[in-house]
Asks: 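Below is the structure I would like to discuss, written out as structure tokens.
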Amino acid sequence: MRVVPWKAISLSPLRSCCSGELAFLFYSIKEEMYVASKKTMETLLNSEKLTQNGADLFIQALKQEGVEMMFGYPGGAVLGLYDALYRSPIKHVLARHEQGAIHAAEGYARVSGKPGVVVATSGPGATNLVTGIADAMMDSLPLVVFTGQVASQVIGTDAFQEADIVGITTPITKHNYQVKRVEDLPRIVKEAFYIATTGRPGPVLVDIPKDLTAHSAVPLQPVEVKLRGYCPTVSPDLVQISNLLMALRESERPVILAGAGVLHAKASEELLSFSEQYQVPVAHTLLGLGGFPAQHSLFLGMAGMHGCYTSNMAIYECDLLINIGARFDDRLTGNLSTFAPKAKVAHIDIDLSEIGKNVQTHIPIVGDAKVVLQMVLNETVKGPNTKSWVNHLEKYKKDYPYWYNDTKEYLSPQHLIELVHKTTKGDAIVTTDVGQHQMWAAQCYTFSRPNRWVTSGGLGTMGFGFPAAIGAQLAEPDATVISFVGDGGFQMTLQELILLKEWELPVKVVIVNNGSLGMVRQWQETFYEKRYSQSIFSQQPDFLMLAKSYGIKAYRVSTREEAERVFQDVLKDREPVLIDCWVNPTENVYPMVAPGKGLHEMIGVKP
Ligand SMILES: Cc1ncc(C[n+]2csc(CCOP(=O)(O)OP(=O)(O)O)c2C)c(N)n1
């Protein structure tokens with residue numbers, strides 16, 4: 001075996017290096033060692049062209065990562081990349097706005113478990129991605145985002161369509177790069193996928209100056225990624241596992257709070273076994289829904305600002321709170337000074353920086369939720385007797401369920417969602433936008449399995465729900481995909497309707513139309529003495545005509561009977577449909593934890 005430094009590579013040393021049995025090539029970039037296999041080297045040597053341009057290297061690197069589909073929008077700085085894409089088998093979804101592309105990639109990532117890949121041009125193309133990048137960062141979605149950049153020699157000169165996207169996205173990406181040399185591209189792409197998908201998933205951005213897509217280099221592939229300073233902790237500290245088991249044994253009123261970390265770690269089965277083995281009831285965060293079957297007797301419901309009475313009171317009254325993969329955000333905790341006041345807190349999270357960030361933690365467990373739960377399940381210790389606690393919570397469930405105003409005059413939005421749940425047998429992939437309809441969907445469309453629920457939780461960005469449904473349907477072509485959107489938020493990204501036609505996606509778009517920015521209206525009603533400043537729409541588009549102009553069937557319903565008839569019909573068909581549902585315009589989301597209040601101080605609770 002011979003070590004050949006990168007700089008020394010030329011045709012002759014490569015040939016002599018390949019002549020022996022053990023033909024490996026070591027090369028070093030930025031102090032990292034890589035190995036090129038004999039096969040790679042032979043391919044090189046047999047190839048007519050020893051070098052490839054950056055654009056071809058880019059496509060090749062994507063193929064090596066197993067990318068089958070990407071979402072994007074072309075422009076000047078990425079013409080070279082798109083030219084290489086033209087010759088490649090990778091499918092490209094041409095959104096009609098970069099924001100649509102990135103939200104679709106998020107939906108794809110959420111449902112498929114694979115990273116969403118996005119491409120956009122420099123300047124405005126890149127800045128149009130910013131909301132989606134921030135959203136993916138907040139909700140821990142694995143995205144690899146490629147942006148074109150102006151040519152290397154004009155960076156920093158305010159060149160046409162130049163934006164410092166690396167600077168702009170530094171706080172909202174897990175990591176970002178600007179490629180400086182063509183030969184770095186394969187390594188950077190590999191690292192980008194590795195970082196986006198390992199540990200706590202998140203978005204990684206790679207900015208590629210235009211000139212590099214045309215420059216050539218010898219394509220040597222890194223075989224593994226080794227990054228100094230990045231080594232996610234997967235296996236937890238054993239001492240903390242025994243601390244958790246000891247705390248569990250001593251507790252009388254334990255509760256699990258399960259977040260999206262359970263879904264990212266594919267740990268739903270382990271969560272179920274853990275909860276059943278020790279008879280510990282489970283509350284979910286908004287993003288965690290589906291991690292534990294909603295029909296299970298130990299399931300309490302969603303906790304937080306619009307969570308159910310039982311979950312919020314369980315957290316308030318518990319003596320042991322076991323957080324699995326949730327980040328204790330303010331919409332979940334309410335007033336921190338009265339959050340879980342009687343509880344010892346155990347927090348299982350792959351991201352060390354989450355532990356103790358908002359809530360004082362007594363048992364910190366850093367690790368992958370699946371690995372941690374498997375280790376806990378391997379220890380068979382005597383559990384607590386939670387019978388009376390479970391009965392106590394069961395009584396709360398019976399006495400304080402979600403309730404809503406059911407008038408003959410109007411279709412109630414909650415009834416609409418229950419109807420869709422019934423008609424789809426509770427097994428659709430549901431995406432939502434942001435606002436009241438999102439909370440009603442979270443409350444009323446109960447999930448029995450993971451990865452059916454796609455919503456924008458941390459950033460809470462309007463415009464997310466509909467493009468996310470496109471990505472979800474592309475990820476699971478046979479699934480029934482329902483997108484509940486508000487009449488406000490839908491108007492932020494409705495241009496993507498054309499993709500339903502173009503890609504033959506049978507997404508059902510359900511507009512929960514209350515003629516207003518409902519959630520804003522609710523807050524103005526409750527906290528601003530009904531001064532409805534800029535929240536009621538005076539004009540609306542005709543959503544039916546709009547859908548028809550995109551070649552999509554559309555219906556309007558405003559009563560229960562109409563809704564029942566239309567949903568029975570449209571859900572049978574494998575074609576896209578838009579249903580404009582006129583619902584009670586004054587309905588509010590309850591219960592609610594008002595800002596500054598504790599979970600036990602919910603308003604709108606009715607026995
Ligand atoms: C991009 C963006 N802008 C503003 C907001 C603030 N906001 C949160 S909910 C909401 C109202 C949403 O109205 P609509 O889409 O009609 O849904 P509804 O609440 O009526 O169900 C607004 C404006 C937001 N979340 N995202």
Side-chain angles (χ1 to χ4, degrees), residues 97-100 102-103 106 127-139 172 286-287 304-306 329-331 404-405 410-418 420 430-445 454-469 482-497 509-528 531-541 543 546 558 578-590 592 594-595 604:
H97 188 293
E98 288 85 354
Q99 187 181 357
I102 194 159
H103 290 327
E106 291 183 88
T127 54
N128 274 348
L129 296 176
V130 167
T131 301
I133 296 173
D135 189 69
M137 184 70 177
M138 291 286 262
D139 288 353
I172 53 166
L286 171 71
L287 284 174
M305 180 175 270
H306 291 297
D329 84 295
D330 55 314
R331 290 269 156 132
Y404 56 86
N405 291 313
Y410 289 113
L411 175 60
S412 91
Q414 298 94 328
H415 176 77
L416 170 72
I417 288 157
E418 284 172 355
V420 177
V430 173
T431 80
T432 76
D433 212 71
V434 171
Q436 290 182 311
H437 67 280
Q438 177 189 32
M439 294 300 125
W440 289 319
Q443 294 175 342
C444 305
Y445 197 103
V454 184
T455 198
S456 168
L459 195 68
T461 181
M462 290 167 73
F464 171 88
F466 172 52
I482 307 283
S483 185
F484 289 113
V485 291
D487 44 327
F490 182 52
Q491 293 188 60
M492 289 198 176
T493 45
L494 59 74
Q495 75 284 344
E496 307 305 339
L497 272 172
V509 182
V510 182
I511 306 179
V512 184
N513 190 343
N514 50 14
S516 67
L517 297 170
M519 190 56 97
V520 175
R521 190 199 51 71
Q522 174 169 347
W523 280 55
Q524 289 171 337
E525 179 186 320
T526 316
F527 306 115
Y528 293 86
R531 288 186 295 277
Y532 298 121
S533 179
Q534 302 299 313
S535 60
I536 315 270
F537 293 124
S538 62
Q539 290 290 320
Q540 287 279 56
F543 289 114
L546 183 88
S558 56
L578 179 146
I579 308 124
D580 183 16
C581 306
W582 286 14
V583 299
N584 184 351
T586 57
E587 184 63 9
N588 288 338
V589 186
Y590 292 119
M592 179 181 193

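Order of listing sets the numbers, starting from 1, for every ligand and every atom in it. Note that the structure is predicted; figures quoted are calculated from it, not measured.
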Asks: Enumerate the atoms of ligand 1 whose separation from the nearest heavy atom of H437 is less than 4.0 angstrom.
Replies: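 Answer for ligand 1: 17 (O), 18 (P), 21 (O).
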Asks: Between E496 and H97, is there a donor-acceptor pair closer than 3.5 Å when you use the side chain of the first and the backbone of the second?
Replies: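 Side chain of E496 to backbone of H97: a pair is present.
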Asks: Using a 4.0 Å cut-off to any heavy atom of M519, which atoms of ligand 1 qualify?
Replies: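 Answer, ordered by atom number: 9 (S), 19 (O).
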Asks: side-chain hydrogen bond (donor to acceptor under 3.5 Å, both in side chains) for Y404 and Q443? Distances and angles first, verdict last.
Replies: CA-CA 11 Å; Y404 56 86; Q443 294 175 342; over 6 Å; no
Asks: Just to be sure I read this right, does ligand 1 sit under 4.0 Å from the backbone of N514, its side chain, both, or neither, counting only heavy atoms?
Replies: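 N514 to ligand 1: side-chain contact only, backbone stays beyond 4.0 Å.
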Asks: Of the options V485, V454, I102, which is the one that meets F464 in a side-chain contact (heavy atoms from CB on, under 4.5 Å)?
Replies: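 Only match with F464 under side-chain contact (heavy atoms from CB on, under 4.5 Å): V454.
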Asks: Determine, using heavy atoms of V512 and all atoms of ligand 1, whether some pair is separated by less than 4.0 Å.
Replies: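 Not so, V512 does not reach ligand 1.
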Asks: When you look at N514 and E587, which way does the side-chain hydrogen bond (donor to acceptor under 3.5 Å, both in side chains) test go after all the steps?
Replies: CA-CA 9 Å; N514 50 14; E587 184 63 9; over 6 Å; no
Asks: Can you see whether S535 engages S516 through a side-chain donor-acceptor pair at a distance of less than 3.5 angstrom?
Replies: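 Side-chain D/A pair, S535 to S516: absent.
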Asks: Check whether any side-chain heavy atom of F490 lies under 4.5 Å from a side-chain heavy atom of L497, and answer yes or no.
Replies: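 Yes. Closest side-chain heavy atoms under 4.5 Å.
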Asks: Just need the protein heavy atom nearest to atom 11 (C) of ligand 1, so name the residue and atom and give the distance.
Replies: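 The protein heavy atom lying closest is L517 CB, 3.7 Å.
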Asks: Using a strict 4.0 Å cut-off to heavy atoms of G489, name the atoms of ligand 1 that fall inside it.
Replies: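 Numbered from 1, ligand 1 contributes 14 (P), 15 (O).
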Asks: Among D135, D433, T432, which residue meets the side-chain contact (heavy atoms from CB on, under 4.5 Å) test with S456?
Replies: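 Exactly one candidate clears the test, D135.
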Asks: Relative to the heavy atoms of Q436, which atoms of ligand 1 are at a distance of less than 4.0 Å?
Replies: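 Under 4.0 Å from Q436, ligand 1 has these atoms: 18 (P), 19 (O), 21 (O).
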Asks: Taking 4.0 angstrom as the limit and counting only heavy atoms of G488, give me the atoms of ligand 1 inside it, by number and element.
Replies: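 Going through ligand 1 atom by atom, the ones under 4.0 Å from G488 are 14 (P), 15 (O), 16 (O).
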Asks: Is it the case that over 12 heavy atoms from other parts of the model lie below 6.0 angstrom from the OH atom of Y528?
Replies: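 For Y528, atom OH is not crowded (no more than 12 foreign heavy atoms under 6.0 Å).
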Asks: Between S535 and ligand 1, find which residue part has any heavy-atom pair under 4.0 Å and reply side chain, backbone, both or neither.
Replies: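 No part of S535 is near ligand 1 at this cut-off.
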Asks: State whether the side chain of Q522 and the backbone N or O of N588 hold a donor-acceptor pair below 3.5 Å, judged by distance alone.
Replies: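 The answer is no, because no donor-acceptor pair under 3.5 Å joins these two groups.
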Asks: Heavy atom of S516 under 4.0 Å from ligand 1?
Replies: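 Judged by the 4.0 Å heavy-atom criterion, S516 does count as contacting ligand 1.
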Asks: Tell me the nearest of G465, G460, G518, G486 to atom 25 (N) of ligand 1, using heavy-atom distances.
Replies: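 Ranked by closest heavy atom to atom 25 (N) of ligand 1, first place is G460.
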Asks: Quick check: D487 and ligand 1, any N/O pair under 3.5 Å apart?
Replies: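 Yes, there is a polar N/O contact under 3.5 Å.
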Asks: Between Q438, Q99, M462, which one has a non-hydrogen atom sitting closest to atom 23 (C) of ligand 1?
Replies: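 The nearest heavy atom belongs to M462.
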